[in-house]
Amino acid sequence: MNYIILDLEWNQADDLKTKLESELTFEIIEVGAIKLNSEYMQIDSFHELIKPQVFNRMNQVTGELIHISMRELENCRNFCEAASDFLRWCGDDYIFCTWGNVDLTELQKNMDFYHMPGLSKKPIKYYDVQKLFSIAFEDKKKRRALQFAVEFLNIKEEVAFHRADADAFYTAKVFKKVAAAEGVLKNYSFDTYRLPKNKAEEINAVFEDYAKYISREFINKLAAMNDKDVVSTKCFLCGAKTRKKVPWFSNNGRNYYSVMVCPRHGNIKGKIRMKKSVNDKIYVVKTMKQVNMDTVNDIIMKRNQLREGRRERRHRT
DNA sequence: ACAAACGTGCCAACCTGTAT
DNA sequence: ATACAGGTTGGCACGTTTGT
């Protein structure tokens, strides 16, 4: 299997009127990619600028960032031609790798805008190199700009950042470093531009010390929280029934937390995130993670503080 | 029976940091 | 500039529990 390290640059409206008129918020104007084989050796590269069809002026902030002028794009091919060629170039046995979690969504949005055949009907499995960098070298949660990672890893800065070919090149360099770290490549991600359509397509991914569940769509939060798979607290490692130490609670209606105890695997923290999908429906991302007593106490404190805060506020008014 | 207090869900507003 | 993720805060609405 090959690794396709992909980076896109896009433009957007530069005034309110244009923004309101356009169905596409971000228009892709550059594609850069590096193809690595299964040994992480570079075997090919792809680079193409794209002639815009939606925005004919460069957004000022974007223009200063990516240093591309509209004149450079005048004689380029349009998105459909470039994207079709790019996808052909990718081949049929690959996994995408991107810096951050945005590019695959924007790629699919642009493809949908031009009514191209979809990349996938389901969530796409890929590597978020920004996340892998955090897992390999930082705290697993922090998200850094690409330049930080390049400097952190003492990678030679040969070309300017924020161009698709340059950033794909640097991302590939960082990817090679994180791939060399033991176990890091087990931590794949899912792009959720396309959601699971039914129970069978729902995602249950088990990693070394955590698990991720991505649900199908529900009409509202209540429906989601009434689904037994969504609120299930079975141990993600052995499937055993757990004791609920802290039942699901929420501070803001978006995140729900819980603590359960597996007889074999100890304390497990559960977190449910409510996410909005298109047409005002919602879906759920649930993560389960083995945690120590300190974390358990943090969650209990969080819940108590929440109650405390509410009580105080009531007394004040 | 009634009102106050409490617990909870939900939302808007705001924050930081990242992407272009 | 827009959009997103993830977080906090405060207020509103509602149902339940508690005190009298």
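Chain letters run A, B, ... following the sequence lines, proteins first and then strands; every chain starts at 1.
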[N], OP1 or OP2 - any side-chain N/O from [X] closer than 4.0 Å?
| X | N | value |
| --- | --- | --- |
| A:Trp99 | B:dA19 | yes |
| A:Arg273 | C:dG6 | yes |
| A:Tyr257 | C:dG7 | yes |
| A:Lys275 | C:dG6 | yes |
| A:Gln130 | B:dA19 | yes |
| A:Lys142 | C:dG6 | no |
| A:Asn101 | C:dC4 | no |
| A:Lys221 | B:dC11 | yes |

Taking A:Asn59 for its side chain and A:Ala13 for its backbone only, find out whether a donor-acceptor pair lies under 3.5 Å.
->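 The answer is yes, because a donor-acceptor pair under 3.5 Å joins these two groups.
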
cation_pi(A:Lys286, A:Tyr213) dist<6.0 Å, angle<=45 = yes

A:Tyr257 six-ring centre to A:Lys302 NZ/CZ under 6.0 Å and within 45° of normal |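 Yes, A:Lys302 and A:Tyr257 form such a contact.
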
Check whether the ring centres of A:Phe161 and A:Tyr170 lie less than 6.0 Å apart, and answer yes or no.
-> yes

Within the structure shown, what part of the strands sits under 4.0 Å from [X] by heavy-atom distance: base, sugar-phosphate, or nothing?
| X | value |
| --- | --- |
| A:Phe133 | nothing |
| A:Gln60 | nothing |
| A:Leu146 | sugar-phosphate |
| A:Tyr256 | sugar-phosphate |
| A:Asp7 | sugar-phosphate |
| A:Asp128 | nothing |

Distance in angstrom units between [X] [atom1] and [N] [atom2], rounded:
| X | N | atom1 | atom2 | answer |
| --- | --- | --- | --- | --- |
| A:Leu6 | B:dA19 | CG | P | 15 Å |
| A:Leu104 | B:dT20 | CG | P | 13 Å |
| A:Ile28 | B:dT20 | CD1 | P | 12 Å |
| A:Gln147 | B:dT20 | CD | C1' | 16 Å |
| A:Leu222 | B:dT8 | CG | P | 16 Å |
| A:Ile299 | C:dG7 | CD1 | P | 12 Å |
| A:Phe26 | C:dA3 | CZ | P | 6 Å |
| A:His162 | B:dA19 | NE2 | C1' | 9 Å |

A:Glu208 pairs by salt bridge (Lys or Arg N to Asp or Glu O under 4.0 Å) with which of A:Lys140, A:Lys289, A:Lys186?
->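 Answer after filtering A:Lys140, A:Lys289, A:Lys186: A:Lys186.
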
Is a donor-acceptor pair below 3.5 Å formed from side chain A:Gln12 to base B:dT20, judging by atom type as modelled?
->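 Result: at least one qualifying N/O pair found.
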
Compare the minimum distances between each of [options] and the side chain of [X], then state the nucleotide with the smallest one.
| X | options | value |
| --- | --- | --- |
| A:Lys302 | C:dT2, C:dG6, C:dT8 | C:dT8 |
| A:Thr25 | B:dT20, C:dA3, C:dA1 | C:dA3 |
| A:Leu65 | C:dG7, C:dA1, B:dT20 | B:dT20 |
| A:Val61 | C:dA1, B:dA19, C:dG7 | C:dA1 |
| A:Asn255 | B:dA19, C:dG7, B:dT20 | C:dG7 |

Electrostatic pair A:Lys142:A:Glu138 at N-O distance under 4.0 angstrom |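 Between A:Glu138 and A:Lys142 there is no salt bridge, as every charged N stays at least 4.0 Å from the carboxylate O atoms.
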
Verdict with reasoning, A:Asn267 to A:Lys245, per side-chain hydrogen bond (donor to acceptor under 3.5 Å, both in side chains) | CA-CA 9 Å; A:Asn267 292 310; A:Lys245 197 179 254 182; 3.3 Å; yes

